[in-house]
Amino acid sequence: MALELRNRDRERKLIKKIDETIARIDANEYGYCDSCGVEIGLKRLEARPTATLSIEAQERRERREKQYGDRDDRYR
């Protein structure tokens, strides 16, 4: 039962990210980093179409998260 709930939660979060990505496409904001505004690389977008951070911004966020235990779910 717990596994099923976890799977449903993951699916719900993914659907939300997909909806947000479609909205970004409609607003002509797709492909640009939320943090610094630079273009997100094509390879990153191919690997993760719902990415909202450039690789550099994502790495900074992960370092901060690891260092301070700070987790920001906006980018997950």
Side-chain angles (χ1 to χ4, degrees):
M1 182 70 160
L3 181 61
E4 179 65 27
L5 290 174
R6 189 173 0 170
N7 285 337
R8 286 184 184 192
D9 187 50
R10 285 181 182 167
E11 288 176 357
R12 181 183 52 80
K13 287 179 182 178
L14 179 58
I15 290 170
K16 180 181 175 192
K17 285 182 183 182
I18 292 169
D19 288 342
E20 290 170 352
T21 300
I22 291 170
R24 289 173 62 89
I25 291 169
D26 290 342
N28 291 323
E29 296 174 357
Y30 181 73
Y32 294 94
C33 179
D34 280 351
S35 176
C36 58
V38 300
E39 274 191 58
I40 299 172
L42 184 58
K43 288 186 178 186
R44 176 157 171 76
L45 290 173
E46 287 174 345
R48 184 176 294 269
T50 59
T52 58
L53 296 174
S54 66
I55 290 176
E56 294 81 10
Q58 180 69 28
E59 288 172 347
R60 282 192 306 268
R61 190 186 66 80
E62 288 174 359
R63 278 194 303 272
R64 184 187 69 231
E65 183 179 296
K66 182 178 180 182
Q67 192 171 27
Y68 300 109
D70 182 24
R71 181 175 170 171
D72 188 349
D73 282 335
R74 288 181 298 167
Y75 303 116
R76 289 199 178 260

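Position 1 is the first residue of the sequence, and the numbers go up from there. Note: hydrogens, waters and symmetry copies are ignored here, and every other heavy atom, side chains too, is used.
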Assess the residue pair R6 and L3 against the criterion (side chain to side chain contact (heavy atoms under 4.5 Å, CB included)); give the C-alpha distance rounded to whole Å, side-chain angles, the decisive distance to 0.1 Å, and a yes or no.
CA-CA 5 Å; R6 189 173 0 170; L3 181 61; 4.2 Å; yes
Taking only Lys NZ, Arg NE, NH1 and NH2, and the carboxylate oxygens of Asp or Glu, determine whether E65 and R61 approach each other closer than 4.0 Å.
yes
Single hit among R12, R10, E4 for side-chain contact (heavy atoms from CB on, under 4.5 Å) with R8
E4
Of all heavy-atom pairs between C36 and S54, which one has the smallest distance, and what is that distance?
SG-OG, 4.1 Å
Taking only Lys NZ, Arg NE, NH1 and NH2, and the carboxylate oxygens of Asp or Glu, determine whether K66 and E62 approach each other closer than 4.0 Å.
no
So how far is it from K16 NZ to L14 CG, rounded to the nearest 0.5 Å?
12.0 Å
Among residues at least two apart in sequence or on other chains, which ones pass side-chain contact (heavy atoms from CB on, under 4.5 Å) with I15?
D19
Would you mind listing the cluster partners of L45? Hydrophobic ones only (ILVMFWY), side-chain contacts under 4.5 Å, chaining allowed.
I25, Y30, I40
If you look at every heavy atom in Y32 and R24, which pair is closest and at what distance?
O-NH2, 2.7 Å
Straight-line distance of R60 CZ to R64 CZ, nearest 0.5 Å:
9.5 Å
Non-hydrogen atoms of R44 and L53 that approach each other most closely
NE-O, 2.8 Å
I'd like to check the side-chain contact (heavy atoms from CB on, under 4.5 Å) partners of I22; sequence neighbours left out, ordered by chain and number.
I18, D26
